[in-house]
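Quick note: numbers below take in every heavy atom, side chains included, and nothing from hydrogens, waters or symmetry partners.
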Amino acid sequence: MSTNSIGQVLSCSPEAIIILVDDLQMFEENKAALQVGRYVQIAQGNHDFTIASIRNIRGVHGHDSEGNPKWQFHIECQAVGTLIDGKTFERGSVLLPVPTEEAFPADKETLNKLFAEDADYQFPLGRLSLNKTTPMKVHGDRFFSKHIAIVGSTGSGKSCAVSRILQDVVGIADDKNSNLGKQNNSHIVIFDIHDEYTAAFTLGAEQSFTLNRLDIDCLQLPYWLMNSEELESMFIESNEQNSHNQVSQFKQAVILNKERKNPEIKEMTYDTPVYFSIQEVYRYIENINREVIGRLAGEDRPKLEDGTLVESREDYYFDKKCVFVAPSTAAATKATNGPFNGEFNRFVSRLETKLGDKRLRFLLDPVKSDGAAFETADFEEIIKQFLGYLNKSNVTVIDLSGIPFEVLSITVSLVSRLIFDFAFHYSKLRHKEESLNDVPVMIVCEEAHNYIPQKDNAAYRASRKSLERIAKEGRKYGLSLMVVSQRPSEVSETIFAQCNNFVALRLTNNADQNYVKRLFPDNSSGITDILPNLAPGECVVVGDAVLLPAVVQMPLPKPEPHSHSVGFHNEWKEPWRDITFTEVISRWRKE
């Protein structure tokens, strides 16, 4: 440790420690070590030192008793922990120094103790920006199990930071698979809204690294896996006057059809993840909408044109479009409209439109490779698809770029809920054996503000509810989140409140800066002032996984994600380029 005292403690409070440097020459000699963001250590009268981060430096120019010009410097710091016996650093215990205690710049030996790798702090994040020779290691278990928030403006290096962290997890470095011939037990699912991450996890064939990529053409997500909320958000307009009747009849139709298709299951509910036919449910609703009740003596039941009385609707309404008797007030043919006759016209039209929409085929009409429809027995294959167990892959990229906007929320909700339910039930089985979930999964929410917004918008209610549940309960069942956003102030506060680790790259928007400052732990609020001035790839790292807040330079991933911006000016300087419009239009139409 440096024995070169730079000054003494002038005042002390939990918010700030002021160190007085009373000598210009002393300040000049140590100027490099006294920059904002660097660390000082302050004696506590024994062998321990308070470690503090420099937040502000103020120079006061005056005169001494003889009238000569004199400089004084006030260095404002924030205590971040205690170095005990010069050996171990404890972040939690901060014993504040008293005035007159000596202060020293934290030298390389001290920094190495603060950021030293040990059995727990072994996951590499990069190197300290203020001392490029010191690597920054974080507590791997606390980092990945306690939800991570990665925020930064466009162009700050978010995608590269995410890719680099995940490449270190799965063993990719310099375009090579460091786990060649073996495979670790990592499981990562990425919601990729712009198809950026496929490139970051695609290696040469000789590297034997399998990426599980699911896009709209190969994603198999049968509608019968949806729960009540997701089904209703897809098929029912909540602002329609008779939406409560639509919900009640739709729910009844779904349960009856599930029972019909799965007679072996005794306790059937609206949410049981088993096959039912949406086409049959559509026919049921259409028949309810055209139903006529026979009113002759002893009838009072739906009556078909041939005089058949419908004893139970499920025996007739699922199979075909029924033809009912005409409503009549004549004594010999008395019949009146059913309770919902004509009330579901818009509902029936909406169902018909959705079922005929080819863009929604992956949801409403998915088929297996042999052309058969997915049924209850295929549930295992569907779950394996998301966890990488069909092709033994550590990384699953779910490319949302081709998913129609109106079902984006439902798609995210359904996938994340299925993974949560799997983790929940697998954990319960492991608990019976008195052990914990040994297949932990991380879900990465890229551009999270697009589907888990701050505002309670009905269009995003499904995805927001599913991911907020994971944020609140997922850790107990071996499921964690990495939330990535360029607009943190627009992301659900419930999600960010559950994040214990923050990686903040450059943020230029004032609202986002203030929002992130509020989320950071108290002892790191000072370091957030640097957010607008960070270089690309440079980030502030705070949270449970780091011993103390630090500014870190993240290394570039290799391979890199497809996140580069188009070079407008360079392209505009090039000679005129001709385009084959037919190819573009063909893809547009999906010919």
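Between the CG atom of N450 and the CD atom of E490 there is a distance of 9.0 Å, given to the nearest 0.5 Å. T411 contributes atom OG1, which lies 6.0 Å from atom CG of L221 (distance to the nearest 0.5 angstrom). The structure places OG of S163 at 11.0 Å from CG of D168, a figure rounded to the nearest 0.5 Å.
Side-chain contact annotation: T82 with T50, donor-acceptor N/O pair under 3.5 Å absent. The closest side-chain donor-acceptor pair between N212 and T396 falls under 3.5 angstrom. With no hydrogens or angles considered, no side-chain donor-acceptor pair links H194 and S401 at under 3.5 Å. For S53 and Q78, the side-chain atoms include no donor-acceptor pair closer than 3.5 Å.
At a threshold of 4.0 Å, the pair E538-R506 does not count as salt-bridged, since none of the basic side-chain nitrogens sits closer than that to a carboxylate oxygen. Remark: D357 engages R359 in a salt bridge, criterion side-chain N to carboxylate O under 4.0 Å. Residues K465 and E468 are not paired through a salt bridge, judged by the lack of any N-O separation under 4.0 Å between the basic side chain and the carboxylate. Taking 4.0 Å as the cut-off between side-chain N and carboxylate O, D271 and R417 do not count as a salt-bridged pair. Remark: R164 does not engage E560 in a salt bridge, criterion side-chain N to carboxylate O under 4.0 Å. Between K146 and D544, at least one side-chain nitrogen of the basic residue sits less than 4.0 Å from a carboxylate oxygen of the acidic one, meeting the salt-bridge criterion.
Proximity of a side-chain donor or acceptor of S466 to a complementary backbone N or O of S463 within less than 3.5 Å is not detected. Of the possible donor and acceptor atoms, one in the side chain of N184 sits under 3.5 Å from a partner among the backbone N and O of S186. Of the possible donor and acceptor atoms, one in the side chain of N227 sits under 3.5 Å from a partner among the backbone N and O of E230. Panel note: side chain T272, backbone V274; no donor-acceptor pair is recorded below 3.5 Å. For H187 (side chain) and N185 (main-chain N/O), a donor-acceptor pair under 3.5 Å exists by modelled atom type. Under a 3.5 Å cut-off, the side chain of D192 and the backbone N or O of D195 do form a donor-acceptor pair.
Of the residues F123, F144, Y121, the one that meets the side chain to side chain contact (heavy atoms under 4.5 Å, CB included) test with H139 is Y121. Partner of R213 under the side chain to side chain donor-acceptor pair (under 3.5 Å) criterion, chosen from N391, T198, T202: T198.
Using cut-offs of 30° and 60° for the angle between ring planes, the F201 and F209 rings count as parallel. Ring orientation note: the planes of F424 and Y477 are nearly perpendicular, at an angle over 60° on the 30°/60° scale.
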ask   = Do E493 and R518 pass the salt bridge (charged side-chain N to carboxylate O under 4.0 Å, His left out) test, and can you show the C-alpha distance, the side-chain angles, and the key distance before you say yes or no?
value = CA-CA 11 Å; E493 200 155 358; R518 287 206 327 267; 3.5 Å; yes

Candidate pair E232 and Y270, rule side chain to side chain donor-acceptor pair (under 3.5 Å), full reasoning = CA-CA 11 Å; E232 287 165 16; Y270 198 2; 3.1 Å; yes

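For N437 against G478, the heavy-atom pair with the smallest separation is ND2-CA, 4.0 Å. Across Q498 and H147, no two heavy atoms sit closer than the pair O-CD2, 3.4 Å.
Proximity of the aromatic rings of F250 and F235 is defined here by a centroid distance below 6.0 angstrom, and this criterion is met.
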